[in-house]
Amino acid sequence: MIEPELFHIFKERLGKLFIEATSKEDGIESLSLSGEGNVEPLRLASEIMSLAIKLGVGTSIRLLVDEDHTKVEDIEPYLNGKFGFSTWNLILNKLAFSKGLKNQPTDSATFIFFDSAVFLNWTGGLNPLKGRNNIFVDNEYVEIFLEGLQAPFGGPRLAIRPLNSGVSSTEDWPSTDELPSETILREHVHLVPYEPMSISPCSFALTWGDLSCEAAAAFRKMSAVCVAAGLSDVIYGSQRVVVKGVKHLETALYSEDEKAPDKEILILLQNALSWVYEERIDTRKRLISDRLCLEAENEESFVSLLVRHINSALKQSKDQYRFVILDRKDEYAKELRSILKDLREQADLYAEKVRGLISGLLRDTLAAFVFVALSLSSRLGTNIDVLMSDAGILFFKALAVYFIISALLQSSSSFRDLRLSDKELAKWAEVTREYFSKSELDDRIQNDLRGRRWTFYAYLILITGSYLAMAYISWNMQLVIGCLLGSS
């Protein structure tokens, strides 16, 4: 984290040295200041080196006295006149300086420019979609100090300030992103580039300050390019994108001589991107693409198309979206009613199986009692040995086998029918669902049928146990009769 007061003093001293230097060369990667044998500029250069050491960026600055590399502790003899000198040269490595100021990954990358022409030439040639060595994408926050800038401007991650700005030029910077992240954009924009590409509208978003100044023009254009990329469907490169609306539009993303949109249009573009990716992304994106594709003209870049028609396209898309949502709510209700109807049929099937099991048990039990009663009434009065004979025992064992087979057939067939029916319901619901997620649909099916399932399984166990009990009694009928006769 930069010490604000110390860094402000460093900028002030460096600005004074820039004025006093007889030769100055400001570039993108370095700053070179030089002069003749004057003690005061050298003293100022010594202070700058001391401040750089305190800021932790001492290695990013070199001081040459008479073309010899001189450390800060060796400058004093030149300052008190003990040693004479004819030239001095201070060189600042901007990239190393910015990297040295970052103690944490979330700290801003800081750059200083004294020549506005160099700054404008640099920003005018930047490609915001560049995937490698893109300082605005590689760093979470970027802060640039520019000599000659009248008023600051920027966005949630970007700040361009006058060189002489104080410690708290913009108190709420950095701020929260409102535009979609690159991760979300890549889920909805298909990239087929010939070189590494990045889509990060958050890095170039402009939301505050003097956005109409000359220095902001290149950033307005880069922000518009990022918005256009986020609203595209397929990107092959800066010269070929595809927008899938009512018709497929294939055009250049932007042209080299593309003019930067004004502040009002840029705000509309950023609002459009935020609206599209706020919810129901595919629906909203298709609505706005439909309007843009209808208005497209030949040999017009996508950025130009957006600049000319974003106002009307966004308004009409929002109006259409309200009707789309109302229609989908009706379809949602219809789908919900259909699913509830199928669940009711499935629940009735469980109830029917339970009633079938109970009726089968009662029928077989009643038949067994009738048979035994008839046998006892016709045989028991005259000869109890008939039931105790080998033929009687064999008959009761056959009845026991019948009970077991009946239990197995009824339980297995009912269980199998319900399992198949559950699978068919789940398969049908998965194929026909449009407004329910899979987890939501599964939860609804499980919750609505849970009581019916537990009832079925409980009765299945109870009735199967009853069958097995009757089978056990029939199989051991000789012992049961003996016990009954013995107790009487």
K.L.:
Hey, does the side chain of Tyr254 reach the backbone of Ala228 with a donor-acceptor pair shorter than 3.5 angstrom?
P.N.:
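Looks like no, no N/O pair under 3.5 Å.
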
K.L.:
Does the pair Lys24/Asp115 count as a salt bridge with the N-to-O cut at 4.0 Å?
P.N.:
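So Lys24 does not pair with Asp115 through a salt bridge.
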
K.L.:
Within the structure provided, determine whether Val243 and Cys293 are in side-chain contact (heavy-atom separation under 4.5 Å).
P.N.:
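Yes, at least one pair of side-chain atoms sits under 4.5 Å.
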
K.L.:
Checking Asp233 against Lys285 for the side-chain contact (heavy atoms from CB on, under 4.5 Å) test, could you report, in this order, the C-alpha distance in whole Å, the side-chain angles of both residues, the deciding distance, and whether it holds?
P.N.:
CA-CA 9 Å; Asp233 290 289; Lys285 192 175 183 182; 3.6 Å; yes

K.L.:
Check whether any side-chain N or O of Asn139 sits under 3.5 Å from a backbone N or O of Ile135 as a donor-acceptor pair, and report yes or no.
P.N.:
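Yes; judged by distance alone, with no hydrogens or angles, the pair exists.
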
K.L.:
Distance from Lys263 atom NZ to Leu268 atom CG, nearest 0.5 Å?
P.N.:
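Atom-to-atom, Lys263:NZ and Leu268:CG are 12.5 Å apart.
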
K.L.:
Within a strict 4.5 Å, meaning less than it, do heavy atoms of the Trp173 and Ser108 side chains meet?
P.N.:
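SC-SC contact between Trp173 and Ser108 confirmed.
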
K.L.:
Between Asp177 (side chain only) and Cys202 (backbone N and O only), is there a donor and an acceptor less than 3.5 Å apart?
P.N.:
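Not at all, since once roles are kept as given, no pair shorter than 3.5 Å links the two residues.
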
K.L.:
Quick one: pull up OG in Ser60 and CG in Leu55 and give me the separation to the nearest 0.5 Å.
P.N.:
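Ser60 atom OG to Leu55 atom CG measures 9.0 Å (nearest 0.5 Å).
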
K.L.:
Between the side chain of Asn271 and the main-chain N/O of Ile267, is any donor-acceptor distance below 3.5 Å?
P.N.:
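Yes, the answer is positive, given that a donor and an acceptor are paired below the 3.5 Å cut-off.
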
K.L.:
About how many Å separate CG of Leu314 and CG of Asp319, when rounded to the nearest 0.5 Å?
P.N.:
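Result: 9.5 Å between the selected atoms.
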
K.L.:
I'd like to check Pro156 versus Thr176 (side-chain heavy atoms, cut-off strictly below 4.5 Å). Are they in contact?
P.N.:
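Answer no - side chains too far apart.
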
K.L.:
For residues Val241 and Leu253, report the shortest heavy-atom separation together with the two atoms involved.
P.N.:
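Closest heavy-atom pair between Val241 and Leu253: CG1-CB, 3.7 Å.
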
K.L.:
Tell me, do Leu292 and Leu249 make a side-chain contact under 4.5 Å, heavy atoms counted?
P.N.:
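Side-chain contact under 4.5 Å: no.
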
K.L.:
Above 12 or not: heavy atoms from other molecules or residues under 6.0 Å from CD of Glu29?
P.N.:
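No, CD of Glu29 has 12 or fewer neighbouring heavy atoms, counting only those of other groups under 6.0 Å.
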
K.L.:
Looking at Ser30 and Leu92, would you say the former's side chain and the latter's main chain have a donor-acceptor pair under 3.5 Å?
P.N.:
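Between the backbone of Leu92 and the side chain of Ser30 there is no qualifying donor-acceptor contact (under 3.5 Å).
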
K.L.:
So, Asn89 side chain and Val65 main chain: donor-acceptor pair closer than 3.5 Å or not?
P.N.:
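Looks like no, no N/O pair under 3.5 Å.
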
K.L.:
Do you know which two heavy atoms are closest between Ile91 and Ser32, and how far apart they sit?
P.N.:
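In terms of heavy atoms, the two residues are closest at CG1-OG, 4.2 Å.
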
K.L.:
Mark yes when over 12 heavy atoms from residues, nucleotides or ligands other than Glu36 sit less than 6.0 Å from its CD; otherwise mark no.
P.N.:
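Counting neighbours around CD of Glu36, 12 or fewer heavy atoms of other residues, nucleotides or ligands fall under 6.0 Å, so no.
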
K.L.:
Does the ring of Phe113 carry Lys94 above it, NZ/CZ under 6.0 angstrom from centre and within 45° of its axis?
P.N.:
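Relative to the ring axis of Phe113, which defines the angle, Lys94 lies inside both limits.
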
K.L.:
Does NZ or CZ of Lys11 come closer than 6.0 Å to the centre of the six-membered ring of Phe145, within 45° of the ring's axis?
P.N.:
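Yes.
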
K.L.:
How long is the straight-line distance from CG of Leu126 back to CG of Asn121, given to the nearest 0.5 Å?
P.N.:
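Interatomic distance, Asn121 CG to Leu126 CG, rounded to 0.5 Å: 9.5 Å.
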
K.L.:
Are Ser317 and Trp275 close enough that some pair of their side-chain heavy atoms sits under 4.5 Å apart?
P.N.:
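Of all side-chain heavy-atom pairs linking Trp275 with Ser317, at least one is under 4.5 Å.
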
K.L.:
Any carboxylate oxygen within less than 4.0 angstrom of a Lys/Arg side-chain nitrogen, looking at Arg286 and Asp290?
P.N.:
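Between Asp290 and Arg286 there is a salt bridge, with a charged N closer than 4.0 Å to a carboxylate O.
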
K.L.:
If we only count heavy atoms from C-beta on, is the Asp107 to Leu101 side-chain gap below 4.5 Å?
P.N.:
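Sidechains of Leu101 and Asp107: no contact.
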
K.L.:
Above 12 or not: heavy atoms from other molecules or residues under 6.0 Å from CD of Glu214?
P.N.:
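No, the 6.0 Å shell around CD holds no more than 12 heavy atoms from other groups.
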
K.L.:
Indicate the atoms forming the closest heavy-atom contact of Pro41 with Leu17, along with that distance.
P.N.:
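For Pro41 and Leu17, the tightest heavy-atom pair comes out as O-CD1, 3.5 Å.
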
K.L.:
Is the shortest side-chain heavy-atom distance between Asn134 and Ser198 below 4.5 Å?
P.N.:
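A side-chain contact is absent here, since even the closest heavy-atom pair is not under 4.5 Å.
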
K.L.:
Any side-chain heavy-atom pair from Glu47 and Leu44 closer than 4.5 angstrom?
P.N.:
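Side-chain contact under 4.5 Å: yes.
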
K.L.:
List the steps, then state whether side-chain contact (heavy atoms from CB on, under 4.5 Å) holds for Leu31 with Leu14.
P.N.:
CA-CA 10 Å; Leu31 170 68; Leu14 191 61; 4.1 Å; yes

K.L.:
Checking Leu64 against Thr87 for the side-chain contact (heavy atoms from CB on, under 4.5 Å) test, could you report, in this order, the C-alpha distance in whole Å, the side-chain angles of both residues, the deciding distance, and whether it holds?
P.N.:
CA-CA 8 Å; Leu64 304 178; Thr87 61; over 6 Å; no

K.L.:
Just how far is it from atom CZ of Phe111 to atom CD1 of Ile28, taken to the nearest 0.5 Å?
P.N.:
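The distance works out to 11.0 Å.
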
K.L.:
Determine the minimum heavy-atom distance between Val137 and Pro128, stating which atoms define it.
P.N.:
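Shortest heavy-atom contact: CG2-O, 4.4 Å.
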
K.L.:
Could you tell me whether Glu182 and Arg186 have a side-chain N and a carboxylate O separated by less than 4.0 Å?
P.N.:
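Looking at Glu182 and Arg186, the cut-off is met.
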
K.L.:
Give me the atom names and distance for the closest heavy-atom approach of Asp210 to Ala151.
P.N.:
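Nearest pair, atom of Asp210 first, then Ala151: CB-CB, 3.9 Å.
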
K.L.:
What's the shortest heavy-atom distance between Pro152 and Leu149, and which atoms?
P.N.:
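Closest pair (atom of Pro152, atom of Leu149, distance): CA-CD2, 4.4 Å.
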
K.L.:
Would you check if there is a donor-acceptor pair between the side chains of Glu258 and Ser304 at a distance under 3.5 Å?
P.N.:
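Yes, a side-chain donor-acceptor pair sits under 3.5 Å.
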
K.L.:
Looking at His188 and Leu231, would you say the former's side chain and the latter's main chain have a donor-acceptor pair under 3.5 Å?
P.N.:
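Checking the backbone N and O of Leu231 against the side chain of His188, no donor-acceptor pair under 3.5 Å is found.
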
K.L.:
Assess whether side-chain contact (heavy atoms from CB on, under 4.5 Å) is satisfied between Phe119 and Ile144, documenting all intermediate values.
P.N.:
CA-CA 10 Å; Phe119 174 79; Ile144 299 175; 3.8 Å; yes

K.L.:
Assess whether atom CD of Gln316 is packed by more than 12 heavy atoms of other residues, nucleotides or ligands within 6.0 Å.
P.N.:
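Atom CD in Gln316 is crowded, with more than 12 foreign heavy atoms closer than 6.0 Å.
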
K.L.:
Just wondering, more than 12 heavy atoms not from Arg62 lying within 6.0 Å of its CZ?
P.N.:
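Open.
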
K.L.:
So how far is it from Glu140 CD to Asp138 CG, rounded to the nearest 0.5 Å?
P.N.:
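CG of Asp138 is found 12.5 Å from CD of Glu140.
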
K.L.:
Under 3.5 Å, is there a donor-acceptor pair between the side chain of Trp88 and the main chain of Leu33?
P.N.:
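Here the side-chain-to-backbone pair does not exist.
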
K.L.:
Look at the aromatic rings of Phe136 and Phe204 and report parallel, tilted or perpendicular, splitting at 30° and 60°.
P.N.:
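Because their plane-to-plane angle lies in the 30° to 60° range, the rings of Phe136 and Phe204 count as tilted.
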
K.L.:
With a 3.5 Å distance limit and no angle check, can you tell me whether Gln270 reaches the backbone of Val227 through a side-chain donor-acceptor pair?
P.N.:
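Flag not set: sc Gln270 to bb Val227 has no pair under 3.5 Å.
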
K.L.:
Flag yes if more than 12 heavy atoms outside Glu25 fall under 6.0 Å of its CD atom; otherwise flag no.
P.N.:
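Open: at most 12 neighbouring heavy atoms sit under 6.0 Å from CD of Glu25.
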
K.L.:
Does Arg132 use its side chain to pair, donor to acceptor, with the backbone of Pro196 at less than 3.5 Å?
P.N.:
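Not at all, since once roles are kept as given, no pair shorter than 3.5 Å links the two residues.
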
K.L.:
Once you measure the plane-to-plane angle for Phe10 and Phe97, does it fall in the parallel (<30°), tilted (30-60°) or perpendicular (>60°) bin?
P.N.:
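The arrangement is parallel - the two ring planes meet at less than 30°.
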
